[in-house]
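Here is the naming used below: chain letters follow the sequence lines, and residue numbers restart at 1 for every chain. As the structure is a computational prediction, the values presented were derived from the model and not from experiment.
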2 protein chains.
Amino acid sequence: MDFHYDKISEAVIRRLTDYLRCVRIASSSGETLLTSKDISETCGLKPSIIRKDLALFGAYGIKGQGYNTNELTYHLNNILGLNNIKDVILIGAGHLGTAIARYPGFINANFNFIAAFDNDPEKIGGNIGHTNIYSIKELNKYIKENQIEIIVLAVPSSAASGIVENLDSNIVKGILNFTSMVFPGRMNDMYVHNIDLAKELEVISYCMKNCLT
Amino acid sequence: MDFHYDKISEAVIRRLTDYLRCVRIASSSGETLLTSKDISETCGLKPSIIRKDLALFGAYGIKGQGYNTNELTYHLNNILGLNNIKDVILIGAGHLGTAIARYPGFINANFNFIAAFDNDPEKIGGNIGHTNIYSIKELNKYIKENQIEIIVLAVPSSAASGIVENLDSNIVKGILNFTSMVFPGRMNDMYVHNIDLAKELEVISYCMKNCLT
DNA sequence: TTGTGAAAGTTATAACTTTCACATAGTCAA
DNA sequence: TTGACTATGTGAAAGTTATAACTTTCACAA
């Protein structure tokens, strides 16, 4: 598989995740063949960019027919690195953390919440589904022993910096930050993505205010 | 306020929301003056693009000094339309819906969850903080009587299409979709933004797999 | 086996975005 | 009052991305 990785922008990758969702929806309703036009109608992009994005990674389509949903699912998962189950841990088992751990999208993408951590004695020892909740004091030990590469952060914002600064960046490679603290995208070789649930609503607010298309 | 709205891209607007978060953080730690370099170090962008973005909407900075945090907060909120409180309703009062309604980011952005709706008899009549939970059967009546423009959707994916299709698009202007169903960005004049909590983790997965910077 | 139609893959170009570098102007200290 | 300093605002250039239009190839039917 020789992808032209060096030329691929993050915008392309983001769109691939959209295509994947569209294919999942189509698959689940029994479709076996999907055209770039079909995908475009679901996710609101133009067919040409969908074809171009997919062609960057190889010719997966059947000319004159479209894309086979199973094949496309496999290839998209493969490109994104989602074909293998990956263990992640959750830090912060409050309302948001709980909702995240139960969110079906993580399961679809093969992410497995192997453990959760909190500082609330009432939560420690409990669980979220099959995910046990441990004391935050055991966090770094757990990361080291289990070589945890990906962390989902859903603690109060005030606690975020302290936790991130103490992570062992030789082991942890990715952080998904749901707090209101902002971290730069790259910190000591760790990828950090900040997610603000309200962000999209702020964008909608602007669009509504200015009557944009 | 004559902004050059027609020329502003969504990418700019998304960055403005980042700047706003950076300014909030700086303000809360007592800073009164912030340079484009300061902001760049927090959010991982280049100072030049920050200056350019802000200059699109007017000259808010003080040459040789930087940007006054209070003024910048005001202007950013004003540009995005966040200076006034806006009522939104939540559809789906499960784990995710509850977490969303309690998420501090919505309060910061002046969004007020005025009501929630669910079909679970055990939840109806209850509340999330100060937000009462009503039966989903009353949804459209409530939207009409209270002229609700913005909706946050956090129901199971299978229920999403049915709800969206029945919304009165003469009243509702914006939908924040947290389900795994995908809707195009524009539907009958309604702005729809799909949020997949797992999306950013999928992007991180790709970055990790390919050792990108 | 061959012809037709349909949609993938590809290319060239226009449109847009980012970046650099510098002139500008405000601040502060002497 | 003056001069040095600093970071903004801006214009031009470079770089990037999306789009339309085009070519290719596959599948199916006659």
Enquirer: Write down the distance between CD1 (B:Ile13) and P (C:dC16), rounded to a whole number of angstrom.
Expert: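 Rounded to the whole Å, the gap is 16 Å.
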Enquirer: Could you pull out the closest heavy-atom pair between B:Glu71 and B:Tyr60, with the gap in Å?
Expert: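 Result for this residue pair: OE1-O, 4.1 Å.
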Enquirer: Rounded to the nearest angstrom, tell me the gap between atom CG in B:Leu56 and atom P in C:dT19.
Expert: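 Atom CG in B:Leu56 sits about 15 Å away from atom P in C:dT19.
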Enquirer: Do the side-chain N or O atoms of B:Arg15 get closer than 4.0 angstrom to the phosphate oxygens (OP1, OP2) of C:dT17?
Expert: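 No.
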Enquirer: Could you report the tightest heavy-atom contact between B:Leu201 and A:Val152, atom names first, then the distance?
Expert: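 What the structure gives for the nearest pair is CD2-CG2, 4.5 Å.
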Enquirer: Please collect all side chain to side chain donor-acceptor pair (under 3.5 Å) contacts where either partner lies in residues 81-94 of chain A, sequence neighbours excluded, each pair once.
Expert: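 Qualifying pairs: A:Asp87-A:Asn112.
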Enquirer: Nearest-Å distance, CZ (A:Phe57) to C1' (C:dT10)?
Expert: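 Distance, rounded to whole Å: 17 Å.
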Enquirer: Using whole Å, report how far OH of A:Tyr19 lies from P of C:dA8.
Expert: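 That distance rounds to 12 Å.
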Enquirer: CD of B:Glu10 versus P of D:dA18: gap in Å, rounded?
Expert: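 Atom-to-atom, B:Glu10 to D:dA18, this comes out as 13 Å.
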Enquirer: Where along residues 22-52 of chain A does a heavy atom come under 4.0 Å from DNA chain D, residue by residue in number order?
Expert: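 Contacts with DNA chain D under 4.0 Å: A:Lys46, A:Ser48, A:Ile49, A:Arg51, A:Lys52.
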Enquirer: How about CD1 on A:Ile85, more than 12 heavy atoms from neighbouring residues, nucleotides or ligands closer than 6.0 Å, or not?
Expert: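 Atom CD1 in A:Ile85 is not crowded, with 12 or fewer foreign heavy atoms closer than 6.0 Å.
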Enquirer: Using a strict cut-off of less than 4.0 Å between a Lys/Arg side-chain nitrogen and an Asp/Glu carboxylate oxygen, indicate whether B:Arg21 and A:Asp196 qualify as a salt bridge.
Expert: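 Yes, B:Arg21 and A:Asp196 are salt-bridged.
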Enquirer: Just one of B:Asp118, B:Thr131, B:Ile128 clears the side chain to side chain contact (heavy atoms under 4.5 Å, CB included) bar with B:Leu90, so which one?
Expert: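 Only one option passes, and that is B:Ile128.
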Enquirer: In Å, rounded to the nearest 0.5 Å, how long is the span from CZ of B:Arg102 to NE2 of A:His95?
Expert: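 Here the rounded value is 4.0 Å.
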Enquirer: Any idea which heavy atoms bring B:Ile25 and B:Ser28 closest together, and the distance?
Expert: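 Shortest heavy-atom separation between B:Ile25 and B:Ser28 comes out as O-OG, 2.8 Å.
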Enquirer: Name the residue from B:Lys46, B:Arg15, B:Arg14 that meets the salt bridge (charged side-chain N to carboxylate O under 4.0 Å, His left out) definition with B:Asp53.
Expert: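 Among the candidates, only B:Arg15 passes.
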Enquirer: Given atom OH of A:Tyr60 and atom P of D:dC26, what is their separation to the nearest angstrom?
Expert: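 These atoms are roughly 17 Å apart.
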Enquirer: Residues of residues 61-69 of chain A with any non-hydrogen atom less than 4.0 angstrom from an atom of DNA chain C: list those, numerically ordered, please.
Expert: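 Only A:Gly61, A:Ile62, A:Lys63, A:Gly64, A:Gln65, A:Gly66, A:Tyr67 qualify.
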Enquirer: Rounded to the nearest Å, what distance is computed from the CG atom of residue B:Asp53 to the P atom of nucleotide C:dT19?
Expert: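 Atom CG in B:Asp53 sits about 10 Å away from atom P in C:dT19.
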Enquirer: For the pair made of NE2 in A:His75 and P in C:dA8, what is the distance, rounded to whole Å?
Expert: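 So the NE2-P distance, A:His75 to C:dA8, works out to 15 Å.
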Enquirer: Look at the side-chain N and O atoms of A:Ser9 and state whether any lies under 4.0 Å from the OP1 or OP2 oxygen of D:dT16.
Expert: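 For D:dT16, neither OP1 nor OP2 has a side-chain N or O of A:Ser9 closer than 4.0 Å.
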